[in-house]
Amino acid sequence: MENFVEGILTSPVVWITIVILYTLKKGIYFVPQNRGYVIYTLGKYSKTLSAGLNFIIPYVQSVAADRNLKEQSLEIISQPAITKDNITLDIDGILFMKVTDASAATNNITDYKMSVVQLAMTSMRNAIGSMELDDCFQNRDAINAQILNSMTEATAPWGVMVTRYEIKDITPPQTIREDMEKQMTAEREKRSVILTAEGVKVAAITEAEGQKQARVLDAEAAKAEQVLAAEASKESQILEATGKAEAIRLVADADANALEVVGNAANTEQGHAAVMLTLAQDAITAHQAIANESTVVLTDGKTGENIANTVAQAIAVSSSLKLSN
């Protein structure tokens with residue numbers, strides 16, 4: 001057994017086989033997806049291997065760096081930054097970047113991750129220094145965009161692209177926080193007072209509008225009532241006048257009919273005698289009424305003749321009516 005092992009170790013074929021296998025291993029590379037192998041030839045950059053099966057020259061070419069081409073996130077630790085109005089803030093953030101050129105990330109920069117983080121911290125301090133305290137809280141998107149623009153231009157020669165930057169937290173000093181809380185309380189109280197005043201104003205306007213509408217409706221109702229009353233009075237007067245006119249007409253017709261009947265009756269001998277009798281009775285009744293109402297009756301002593309004259313006058317009138325007919 002010892003002779004067999006010693007024979008293998010001293011066999012040139014075995015050593016040649018080992019050397020060949022090792023050489024093949026050094027010359028064949030399987031590059032994973034989203035990875036970039038930077039190849040140096042005799043210490044000088046020659047090419048970058050992409051994903052898949054790749055071959056290099058053993059002992060002449062070597063893999064100098066293995067770069068991750070996926071998007072990566074780098075945390076920016078909390079650091080102080082002074083605003084334009086001289087307020088110190090503690091700010092942290094997170095950076096998203098990816099390697100676009102594996103050779104540039106290897107040949108143009110020593111440690112691209114550390115360099116990107118340092119550049120992000122510097123850019124963030126510059127962005128904060130150009131704004132006042134209130135703007136820092138209200139314009140986070142503007143700060144992020146400013147940092148991203150400055151880093152994109154600076155990292156292009158490194159083969160690195162910064163895709164996004166986000167500020168996670170902005171922490172002001174304790175005294176500033178207390179002042180901000182007081183300011184927020186004052187603003188809330190101010191808004192409350194303003195809303196209360198606006199509510200009172202709206203209520204007063206609504207009430208005034210309601211009273212105005214009520215007065216308008218009352219006036220319109222009174223006007224309509226007066227118009228209806230006038231129309232009713234007009235109709236009543238018209239009906240009353242029409243009734244009176246009709247009554248007068250009916251009375252006149254009745255009187256005319258009565259006179260016509262009396263005239264026709266008086267045109268006969270019996271009617272003539274009846275008229276004379278009626279006139280005599282009326283004359284006697286008139287003298288009796290005068291005698292009853294007065295204690296002293298003055299007469300000329302010719303009462304009988306007066307009655308006879310009255311009757312004669314009535315006969316003359318009757319004869320004139322007859323002649324006219």
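Start at 1 with the first residue, then count along the sequence.
- Enclosure of atom NZ in Lys84 is not indicated, since only 12 or fewer non-hydrogen atoms of other residues, nucleotides or ligands lie within 6.0 angstrom.
- A single hydrophobic cluster is seen to contain both Leu24 and Ile16, as judged by linkage of ILVMFWY side chains at heavy-atom distances under 4.5 Å, directly or through other members.
- Screening Leu133, Asn139, Asp135 for a side chain to side chain contact (heavy atoms under 4.5 Å, CB included) involving Phe137 leaves a single residue, Leu133.
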Verdict with supporting geometry, Arg35 and Asn68, side chain to side chain contact (heavy atoms under 4.5 Å, CB included):
CA-CA 5 Å; Arg35 308 289 291 193; Asn68 184 1; 3.6 Å; yes
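- Glu187 places a side-chain heavy atom less than 4.5 Å from the side chain of Lys190.
- Residues Tyr112 and Thr155 have side chains that never bring a donor and an acceptor to within less than 3.5 angstrom of each other.
- Side chain of Ser130 to main chain of Ala127: a donor-acceptor pair is present (N/O by atom type, distance under 3.5 Å, no hydrogens or angles).
- Residue Gln61 comes nearest to Ser46 through the heavy atom pair NE2-OG, 4.0 Å, listed as atom of the first residue, atom of the second, then distance.
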List the steps and the verdict of side chain to side chain contact (heavy atoms under 4.5 Å, CB included) for Tyr37 and Ile56.
CA-CA 11 Å; Tyr37 287 2; Ile56 64 173; over 6 Å; no
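- One N or O on the side chain of Thr185 and one on the backbone of Glu181 form a donor-acceptor pair closer than 3.5 Å.
- Under a hydrophobic-cluster definition in which Ile, Leu, Val, Met, Phe, Trp and Tyr are linked whenever side-chain heavy atoms come within less than 4.5 Å, directly or via other members, Phe96 and Ile76 are assigned to different clusters.
- The backbone N or O of Pro157 sits less than 3.5 Å from a side-chain atom of Asn108, completing a donor-acceptor pair.
- For Arg164, the side chain to side chain donor-acceptor pair (under 3.5 Å) test picks out no residue, with sequence neighbours left out.
- The minimum heavy-atom distance linking Ile94 with Ser73 is given by the pair CD1-CB, 4.2 Å.
- Between the CE atom of Met97 and the CD atom of Glu71 there is a distance of 9.5 Å, given to the nearest 0.5 Å.
- Judged by distance alone, with hydrogens and angles left aside, the side-chain atoms of Ser236 form no donor-acceptor pair with the main-chain N or O of Ala232 at under 3.5 Å.
- Across all non-hydrogen atoms, the minimal contact from Ser123 to Met151 is OG-CG, 3.9 Å.
- There is no side-chain donor-acceptor pair under 3.5 Å between Glu132 and Thr83.
- Taking the side chain as every heavy atom from C-beta outward, Thr206 and Glu209 never approach each other to under 4.5 Å.
- Relative ring orientation between Tyr40 and Tyr45 is described as perpendicular, the plane-to-plane angle rising above 60° on a 0-90° scale split at 30° and 60°.
- Considering CE of Met121 and CD1 of Ile91, their distance stands at 11.0 Å, rounded to 0.5 Å.
- A 6.0 Å sphere centred on CD of Gln174 holds more than 12 heavy atoms belonging to other residues, nucleotides or ligands.
- For the residue pair Ile170 and Ile167, the shortest heavy atom distance occurs at CG1-CG2, 3.7 Å.
- Following chains of ILVMFWY side-chain contacts shorter than 4.5 Å, one cannot reach Leu74 starting from Met161, and the two form parts of different hydrophobic clusters.
- Thr106 and Ala65 make their closest contact through OG1-CB, 3.5 Å (heavy atoms, listed as atom of the first residue, atom of the second, distance).
- Taken to the nearest 0.5 Å, the CZ atom of Phe30 stands 12.5 Å off from the CG atom of Leu49.
- Enclosure of atom CD1 in Ile238 by more than 12 non-hydrogen atoms of other residues, nucleotides or ligands within 6.0 angstrom is indicated.
- Between Tyr29 and Val63, the closest side-chain pair of non-hydrogen atoms falls below 4.5 Å.
- Residues Ser50 and Val31 fail the side-chain proximity criterion, which asks for heavy atoms closer than 4.5 Å.
- Val202 and Leu195 fall into different hydrophobic clusters, where Ile, Leu, Val, Met, Phe, Trp and Tyr residues are linked whenever their side-chain heavy atoms come under 4.5 Å apart, directly or through other members.
- Taking Lys113 as the reference, Gln72 meet the side chain to side chain donor-acceptor pair (under 3.5 Å) condition, with sequence neighbours excluded.
- Using a distance-only test at 3.5 Å, with no hydrogens or angles considered, no donor-acceptor pair links the side chain of Asn34 to the main chain of Pro32.
- Nearest heavy-atom pair, Pro80 versus Arg125, reported as atom, atom and distance to 0.1 Å: O-CD, 3.6 Å.
- Expressed to the nearest 0.5 Å, how far OG of Ser78 lies from CG of Leu89 amounts to 10.0 Å.
- Two residues are said to be in side-chain contact when any heavy atoms from C-beta on lie closer than 4.5 Å; Ile143 and Tyr165 fail this criterion.
- Cluster annotation: Ile109 is connected to Val99 through the hydrophobic network of ILVMFWY side chains, with a link wherever side-chain heavy atoms come within less than 4.5 Å.
- For the pair Glu240 and Lys244, the salt-bridge criterion is met [side-chain N within less than 4.0 Å of a carboxylate O].
- Heavy-atom neighbours of Ile28 CD1 from other residues, nucleotides or ligands within 6.0 Å: above the threshold of 12.
- Counting heavy atoms from C-beta outward, Thr48 and Arg67 have side chains that stay 4.5 Å or more apart.
- The line from CZ of Arg188 to CD of Gln183 is 11.0 Å long, rounded to the nearest 0.5 Å.
- Atom CE of Met124 is separated from atom CD1 of Ile128 by 7.5 Å, given to the nearest 0.5 angstrom.
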